[in-house]
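These notes concern the structure reproduced below.
Since the structure is predicted, the reported quantities are computational estimates derived from the model, not experimental observations. All chains are named by letter (A, B, ...) in the order of the sequence lines, taking the proteins before the strands, and each is independently numbered beginning at 1.
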Number of protein chains: 2
Amino acid sequence: MNDDTQWLSPREQHSWRAFIRLNQKLFARLGSELQTQSKLSGADFAILVALTDDPSGRLRFQELAKAIDFEQSRLSHQIARMIKRGLVAREECAEDGRGAFVTITDQGRETIEAAAPKHVAAVRRLVLDAIPPEELDALGDIAARILKHLDETAP
Amino acid sequence: MNDDTQWLSPREQHSWRAFIRLNQKLFARLGSELQTQSKLSGADFAILVALTDDPSGRLRFQELAKAIDFEQSRLSHQIARMIKRGLVAREECAEDGRGAFVTITDQGRETIEAAAPKHVAAVRRLVLDAIPPEELDALGDIAARILKHLDETAP
DNA sequence: TCGCAATAGATGATGTGTCAATAATCGAGT
DNA sequence: ACTCGATTATTGACACATCATCTATTGCGA
């Protein structure tokens with residue numbers, strides 16, 4: 001192994017591993033609470049929130065995909081499953097014969113309205129209660145910084 | 001909706017959403033680079049690293065599961081797939097008739113030794129280059145704090 | 001208006017994660 | 001020595017993600 005590799009320093013490694021581990025545990029935990037309390041996956045939740053955020057309660061596939069950062073195909077499968085469960089519906093698009101809207105159903109609305117408070121409570125209990133507001137701000141700043149960098153180093 | 005819910009303040013929401021989004025994007029990106037450069041999933045990588053970390057290159061399922069924070073069943077499926085690809089092997093355990101070891105194969109070793117430098121480079125390029133060392137430390141501290149809280153609030 | 005690249009979305013194959021149920025073995029207490 | 005609960009790992013079913021491929025439509029330029 002032609003070793004000009006810049007391995008992580010112990011300090012770097014320590015922080016990086018903590019970060020990785022946090023992500024695995026935290027999102028596993030949040031996902032599992034969502035699942036047992038509200039029968040929703042994280043993806044379900046994100047989609048229902050995005051649809052609720054829009055005044056008309058409906059979005060084109062592309063818009064929705066962009067809003068929650070899903071790939072086209074992932075979204076297509078996801079929506080197919082959600083239609084089967086009655087959470088959303090497909091609606092043909094008049095102006096563009098190829099396109100379609102995704103709309104939230106009444107059942108979808110009820111579901112998200114019941115789920116959201118529980119989810120917020122979980123976030124508060126698991127994360128916000130663990131760190132003071134300044135640190136949350138710091139976390140947000142760092143996240144935003146890395147995100148920006150990621151977008152600049154676009155694939 | 002009986003609303004005594006403590007919704008997130010705009011400030012909280014801002015930080016929290018950035019954090020979520022970071023996780024989705026960053027790990028998707030790292031995973032996809034790992035996949036295309038080294039034909040490994042994040043799980044494959046974690047397992048090979050854990051096995052390499054151990055001097056004997058072999059671990060009991062339980063130890064391995066604990067080391068990388070996998071559930072039993074997930075690990076079992078994962079190892080089954082990796083055996084099929086020749087990256088690891090199963091070895092019966094003499095002292096405990098129930099148990100088994102997972103050992104890294106030569107091919108597994110070659111694979112991880114080729115993959116690791118590329119992965120480290122990706123972490124450096126995508127993350128460490130985006131933030132100064134103090135912020136990485138801060139990130140590590142916050143992550144550790146939340147992790148500790150998560151373990152205390154055990155499920 | 002014809003031709004064709006680009007766009008919108010669907011689909012099937014495959015790999016991955018989770019849950020519930022199962023089977024084998026261990027070990028502590030009787 | 002026996003029994004029974006705990007531990008160790010596997011399995012099958014299903015939800016989810018990704019990739020490559022496919023179809024239909026649009027819209028642009030010759």
Side-chain angles (χ1 to χ4, degrees), chain A residues 23-47 58-66 68-85 87-103 155, chain B residues 23-25 27-47 58-85 87-103 155:
Chain A
N23 282 281
Q24 295 175 334
K25 280 214 176 182
L26 178 56
F27 291 100
R29 188 87 168 265
L30 283 173
S32 119
E33 295 209 2
L34 242 187
Q35 186 62 48
T36 56
Q37 295 179 344
S38 310
K39 314 280 186 191
L40 291 177
S41 68
D44 296 333
F45 188 86
I47 285 176
R58 65 175 213 178
L59 290 171
R60 290 287 296 265
F61 269 81
Q62 297 301 325
E63 300 176 288
L64 183 49
K66 196 169 172 189
I68 62 178
D69 227 321
F70 268 37
E71 294 186 7
Q72 224 280 312
S73 156
R74 180 181 176 189
L75 184 60
S76 194
H77 285 296
Q78 177 68 35
I79 294 299
R81 287 186 299 261
M82 291 179 77
I83 288 176
K84 221 175 282 179
R85 289 191 288 149
L87 296 171
V88 300
R90 246 186 87 90
E91 200 174 300
E92 298 305 322
C93 178
E95 310 94 57
D96 189 334
R98 299 162 296 184
F101 290 98
V102 183
T103 76
Chain B
N23 282 279
Q24 295 176 334
K25 280 214 176 183
F27 291 100
R29 188 85 169 267
L30 283 173
S32 121
E33 295 208 2
L34 243 185
Q35 187 62 50
T36 56
Q37 294 179 345
S38 310
K39 313 279 188 194
L40 291 177
S41 69
D44 297 333
F45 188 86
I47 285 177
R58 65 176 214 177
L59 289 171
R60 290 286 298 264
F61 269 82
Q62 296 302 325
E63 300 175 287
L64 183 49
K66 196 168 171 191
I68 62 178
D69 228 318
F70 268 38
E71 295 185 6
Q72 264 292 328
S73 153
R74 181 181 175 186
L75 184 60
S76 194
H77 284 299
Q78 178 68 36
I79 293 299
R81 289 186 298 258
M82 290 178 77
I83 288 176
K84 220 176 284 179
R85 290 192 285 149
L87 297 172
V88 299
R90 244 186 88 88
E91 200 174 300
E92 297 306 322
C93 177
E95 310 93 59
D96 189 336
R98 297 163 297 183
F101 290 98
V102 183
T103 75

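Going from atom CG of A/D96 over to atom P of C/dA6 covers 17 Å, rounded to whole Å. Counting to the nearest Å, the P atom of D/dA17 and the CD1 atom of A/I79 are 12 Å from each other. Atom CD of B/Q24 is separated from atom P of D/dT18 by 10 Å (rounded to the nearest Å). The distance between atom CD1 of A/I83 and atom P of C/dG9, rounded to the nearest whole Å, is 12 Å. Following rounding to the nearest Å, B/R60 (CZ) and C/dC26 (P) show an atom-to-atom distance of 10 Å. The distance from atom CD of B/Q72 to atom P of C/dT22 is 18 Å, rounded to the nearest whole Å. Rounded to a whole Å, the CG atom of A/D69 is 15 Å from the C1' atom of D/dT18. Atom-to-atom, CD of B/E91 to P of D/dA9 comes out at 13 Å; the value is rounded to the nearest Å.
The base of D/dT26 is not paired with the side chain of A/R98 by any donor and acceptor separated by under 3.5 Å.
Remark: side-chain polar atoms of A/E33 are not paired, donor with acceptor, to backbone N or O of A/L30 under 3.5 angstrom.
Shown here are the ring pair (Phe, Tyr, Trp, His ring centres under 6.0 Å) partners of B/F61, two or more places apart in sequence or in another chain: there are none. Remark: B/Q62 engages B/Q72 in a side-chain hydrogen bond (donor to acceptor under 3.5 Å, both in side chains) (not counting sequence neighbours).
Within the 4.5 Å cutoff, the side chain of A/L64 has heavy atoms near those of the A/I79 side chain.
We find that B/D44 and B/K39 are not joined by a salt bridge, their nearest charged nitrogen and carboxylate oxygen being 4.0 Å or further apart.
The line from CG of B/L75 to NE2 of B/H77 is 10.5 Å long, rounded to the nearest 0.5 Å. We find the CG-CD distance between A/L40 and A/Q35 to be 7.5 Å, quoted to the nearest 0.5 Å.
Across the interface with DNA chain D, nearest-nucleotide mapping of A/E95 and B/F101 shows B/F101 to be the residue nearer the 5′ end. For B/E71 and A/F61, each mapped to the nucleotide of DNA chain C holding its nearest heavy atom, the one lying further toward the 5' end belongs to A/F61.
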Item to check | Sugar-phosphate or base contact per nucleotide [nucleotides 11-17 of chain C; S, B, -; heavy atom under 4.0 Å] | outcome: BBB--BS
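For C/dG9, the OP1/OP2 oxygens have a side-chain nitrogen or oxygen of A/Q62 closer than 4.0 Å.
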